[in-house]
Amino acid sequence: MAVATSHVFDTEIPHPPWRVPVLGDVLGMSLSAPVQNSMEMHRRLGPVFERRPFRLRFVFVCSGELTAELSDDRRFAKHLAPGVEALRSLGGDGLFTAFNDEPNWRRAHELLTPAFAQSAMRSYHATMLDVTADLLDHWDRRAVADGRVDVAADMTKLTLETIGRTGFSYSFSPFERERPHPFVEAMVGGLAFSQRSALRRLPVVGRHLFPEAKRQYDLDRAYLHRVVDEVVRSRQAAGATGHDDLLELMLRAARENDPNRIDDENIRNQVLTFLVAGHETTSGALSFALYYLMRNPEVFARARAEVDAVWGEDTPAFEQVAKLRYVRRVLDEALRLWPTAPAYAREARADTTLGGRYRLRKGDWVLVLLPAVHRDPEVWGPDAETFDPDHFLPERVRARPGHVYKPFGTGERACIGRQFALHEATLVLGSLLRRFDFDLDPRYRLRIAERLTLMPQGLCPTVSSRAR
Ligand code: MNH
């Protein structure tokens with residue numbers, strides 16, 4: 001395929017052929033699978049390329065070396081790419097969607113960071129165990145029925161319940177429902193629509209696109225706000241009753257006139273942000289990890305042997321979770337191949353040159369396409385595409401350059417929930433390995449659904465009680 005180039009950032013950057021007036025690079029684009037579609041582009045166009053749908057401009061970075069350079073916080077900062085900025089209609093100035101210079105970002109960051117320290121994780125452990133037990137019960141019941149489970153759906157139930165209960169002492173009662181909680185449906189609908197809103201901002205035709213969808217979006221958004229307000233109100237009605245969670249931190253700061261206190265509207269934005277950011281990505285990570293475990297019997301056996309050796313028959317104590325070093329490497333490796341938050345954007349703080357070659361002016365930004373970065377053969381060698389948890393053996397991690405593995409983003413705006421997610425996911429994987437055997441149809445081919453995050457689609461193995 002011919003490679004075309006264009007002048008942007010004062011530098012020639014490859015772009016797909018067939019660029020046409022007005023529409024730009026829309027030919028060959030995909031609304032339903034933009035990440036996988038861009039990975040395909042990367043294979044043809046190399047480590048840096050651009051796509052210009054309509055008047056938007058996306059420059060993709062796919063190499064480890066450039067990703068490391070972009071991690072220099074003195075030269076680059078988080079940028080809200082159009083897809084993330086569109087989420088502000090739901091998340092406002094909540095942590096994930098706040099602009100760097102919005103005062104509520106620093107206040108909420110200072111206020112909530114202690115809730116994600118290692119010491120705080122300890123206090124969530126019991127709740128995480130409870131929610132995991134609910135999942136195990138649910139799968140026990142499935143195992144005596146036909147055994148079929150929908151991995152992604154059940155992982156999503158689990159992770160939403162975990163953040164609901166640990167963060168806000170609120171239960172969605174997920175395993176008592178057949179269908180997803182309406183919160184999840186409204187969220188998925190709201191997220192999908194907000195992504196299309198970039199198109200709705202196009203001149204003239206834009207606001208006429210998706211009129212039905214806009215009405216549904218308004219309903220979804222109102223519903224999400226009702227749930228959040230209900231979560232907050234049920235707490236305020238209970239008064240200060242010894243809850244020790246994210247919501248309590250925020251409400252207490254307001255009561256006690258803490259310098260980092262945030263107002264009611266920002267609290268609402270944070271609650272919604274945490275309910276959304278705190279579950280989809282972890283659910284996907286768990287689902288991909290289970291997929292690879294089922295497809296790699298040797299890895300499965302090693303992981304299970306570790307759980308047996310470290311946990312035995314006991315309920316794992318807090319400290320025993322991080323001791324599952326191999327299970328953790330399975331997760332790291334799943335998040336390498338399919339980082340469930342697949343991209344983030346970085347902008348130049350001042351005029352600069354990236355990679356000694358791409359001249360960026362202050363404010364110019366690029367997208368780091370993580371699944372491509374994480375498969376850079378310069379960093380990962382010839383087996384970059386192969387699932388192998390030993391990629392994360394300590395000596396191999398030490399031998400690699402820094403800042404080339406970024407599933408949780410980078411710098412000050414990196415994921416606040418990293419420890420939380422890893423503790424939860426390791427605990428759940430360990431528990432499942434110990435309790436169940438899995439049978440995945442050998443004809444199943446990994447398909448990946450893209451919303452904001454990546455998720456395996458149609459992953460429905462049969463589970464049975466572990467053969468002893
Ligand atoms: Mn999380 C930011 C990935 C789990 C809450 N998260 C980010 C970013 C990535 C990310 C990447 C940075 C995005 C950017 O630069 O624009 N997060 C993940 C992944 C998992 C995950 C892959 C699970 C696996 N995240 C969680 C959990 C929570 C959470 C769990 C909450 C309990 N994440 C956040 C918040 C931010 C964030 C809040 C925004 C932080 C900030 O900008 O201050």
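The structure displayed is predicted, hence computed values, not measured ones. Every heavy atom of this structure was used, including side-chain atoms; hydrogens, water molecules and symmetry mates were not. Whatever order the structure lists them in is the order used to number ligands and atoms, beginning at 1.
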Hey, is Thr410 touching ligand 1 through its side chain, its backbone, both or neither, going by heavy atoms under 4.0 Å? neither

Part of Pro339 with heavy atoms under 4.0 Å of ligand 1, whether side chain, backbone, both or neither: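 Neither; nothing of Pro339 gets under 4.0 Å from ligand 1.
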
Sidechain-backbone polar pair: Arg329 side chain, Asp388 backbone, donor-acceptor under 3.5 Å: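 Absent.
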
May I ask you to decide if Lys406's main-chain N or O and His374's side chain share a donor-acceptor pair within less than 3.5 Å? yes

Among Lys78, Glu412, Glu280, which residue places a heavy atom closest to atom 14 (C) of ligand 1? Lys78

Can you tell me which residue and heavy atom of the protein come closest to [atom], and the distance to 0.1 Å?
{"atom": "atom 5 (C) of ligand 1", "value": "Ala277 CB, 3.8 Å"}
{"atom": "atom 12 (C) of ligand 1", "value": "Arg413 O, 3.8 Å"}
{"atom": "atom 40 (C) of ligand 1", "value": "Ala414 O, 3.6 Å"}
{"atom": "atom 36 (C) of ligand 1", "value": "Phe96 CD1, 3.8 Å"}
{"atom": "atom 21 (C) of ligand 1", "value": "Thr281 OG1, 3.2 Å"}
{"atom": "atom 19 (C) of ligand 1", "value": "Phe408 CE2, 3.4 Å"}
{"atom": "atom 3 (C) of ligand 1", "value": "Pro407 O, 3.5 Å"}
{"atom": "atom 17 (N) of ligand 1", "value": "Cys415 SG, 3.1 Å"}

Ignoring angles and geometry beyond distance, decide whether [X] reaches within less than 3.5 Å of ligand 1 through its nitrogen or oxygen atoms.
{"X": "Leu95", "answer": "yes"}
{"X": "Trp105", "answer": "yes"}
{"X": "His109", "answer": "no"}

Thinking salt bridges, do Glu69 and Arg346 make one under a 4.0 Å N-O criterion?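 A salt bridge is absent here (no side-chain N lies under 4.0 Å from a carboxylate O).
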
Looking at Glu256 and Arg261, is any side-chain nitrogen of the basic one under 4.0 Å from a carboxylate oxygen of the acidic one?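 Looking at Arg261 and Glu256, the cut-off is not met.
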
If you measure from each heavy atom of Val84 to ligand 1, is any distance below 4.0 Å? no

Just how far is it from atom [atom1] of [X] to atom [atom2] of [Y], taken to the nearest 0.5 Å?
{"X": "Phe96", "Y": "Ile416", "atom1": "CZ", "atom2": "CD1", "value": "12.5 Å"}
{"X": "Lys157", "Y": "Asp134", "atom1": "NZ", "atom2": "CG", "value": "11.5 Å"}
{"X": "Ile163", "Y": "Phe168", "atom1": "CD1", "atom2": "CZ", "value": "5.5 Å"}

Please check if any side-chain donor atom of Thr127 sits under 3.5 Å from a side-chain acceptor atom of Arg165, or the reverse. no

Asn269 versus Glu265, side-chain donor and acceptor atoms under 3.5 Å: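 Glu265 vs Asn269: no donor-acceptor pair found between side chains.
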
Where does the angle between the aromatic ring planes of Phe116 and Phe274 fall among parallel (under 30°), tilted (30 to 60°) and perpendicular (over 60°)?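 Ring orientation of Phe116 relative to Phe274: parallel.
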
Enumerated ligand 1 atoms positioned under 4.0 Å from heavy atoms of Gly409: 11 (C)

